[in-house]
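Bear in mind the structure is a predicted one, so any value in this text is a computation, not a measurement.
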Amino acid sequence: MSTRKLFTIGIALLVFAVIKLILLDIFWQQSAAEQTTCDVRQGCTLPNGAYVKFSGTVSAKTPFSVELRNVAAEVGEVSVSFAMKDMDMGFNRYPLQRSTDGVWQADHIRLPLCVAGRRDYLADINIGGQVFQTAFSAE
């Protein structure tokens, strides 16, 4: 291959990488979670008016349920995922399903296990692309 073709391919790959990074940055800014203080064990109202509650023993060792109320049927995807500050917890998103009474729910949720023994989790609650993040402690 000639030097000119290699140079053209290199420039094209560089332009592609820059465009991809710009798009990722735009997507990341749009998907940033709104921080909120919420006692998910007792139940609380999120800034958009949705009511969230975790039921059962909220622990990495036992399954529990998540319930959302006051969420329109047309929102699209509703899910919850869990993380820890400064620690990758892997992919663990749980979709919530809407029941006939309008309650969005997911059962048999398990927190990702932290090998360091930490119990300080962050819940990312995604309601139609709007993400609310709240901190809580597991048992």
Next on the checklist: So, using side chain to side chain donor-acceptor pair (under 3.5 Å) as the criterion, who are the partners of Gln130 when residues are at least two apart?
Outcome noted: none
Next on the checklist: Once salt bridge (Lys or Arg N to Asp or Glu O under 4.0 Å) is applied, do any residues pair with Arg119, and if so which ones, sequence neighbours excluded?
Outcome noted: none
Next on the checklist: Please find the pair of heavy atoms, one from Thr36 and one from Thr134, that lie closest to each other, and give the distance.
Outcome noted: O-OG1, 3.1 Å
Atom pairs and distances, side-chain donor-acceptor, residues 47-62, under 3.5 Å, sequence neighbours left out:
| from | atom 1 | to | atom 2 | distance (Å) |
| --- | --- | --- | --- | --- |
| Asn48 | OD1 | Ala50 | N | 3.0 |
| Ser59 | OG | Lys61 | N | 2.9 |
| Thr62 | OG1 | Thr57 | O | 3.3 |

Donor-acceptor list for residues 5-16 side chains, cut-off 3.5 Å, not counting sequence neighbours:
| from | atom 1 | to | atom 2 | distance (Å) |
| --- | --- | --- | --- | --- |
| Thr8 | OG1 | Arg4 | O | 2.9 |

Next on the checklist: Once side chain to side chain contact (heavy atoms under 4.5 Å, CB included) is applied, do any residues pair with Thr3, and if so which ones, sequence neighbours excluded?
Outcome noted: none
Item to check | Pairs meeting criterion ring-ring contact (aromatic ring centres under 6.0 Å, His included) with involvement of residues 94-127, two or more places apart | outcome: Tyr121-Phe136
Next on the checklist: I'd like to check the salt bridge (Lys or Arg N to Asp or Glu O under 4.0 Å) partners of Arg110; sequence neighbours left out, ordered by chain and number.
Outcome noted: none
Checklist entry - What residues, two or more places apart in sequence or in another chain, satisfy ring pair (Phe, Tyr, Trp, His ring centres under 6.0 Å) together with Phe132? => result none
Checklist entry - Can you list the steps and then say if Asn92 with Ser81 is a side-chain hydrogen bond (donor to acceptor under 3.5 Å, both in side chains)? => result CA-CA 6 Å; Asn92 62 67; Ser81 61; 4.9 Å; no
Checklist entry - Which disulfide bond (SG atoms under 2.5 Å apart) pairs, counting each pair once, include a residue from residues 54-139, with sequence neighbours left out? => result none
Next on the checklist: Using the side chain to side chain contact (heavy atoms under 4.5 Å, CB included) criterion, which residues pair with Asp101? Sequence neighbours excluded.
Outcome noted: Ser99, Val103
Next on the checklist: Checking Gln133 now: which residues fulfil side chain to side chain contact (heavy atoms under 4.5 Å, CB included) with it, not counting sequence neighbours?
Outcome noted: Ala33, Gln35, Leu122, Asp124
Next on the checklist: Under the rule for salt bridge (Lys or Arg N to Asp or Glu O under 4.0 Å), what residues qualify as partners of Arg98, not counting sequence neighbours?
Outcome noted: none
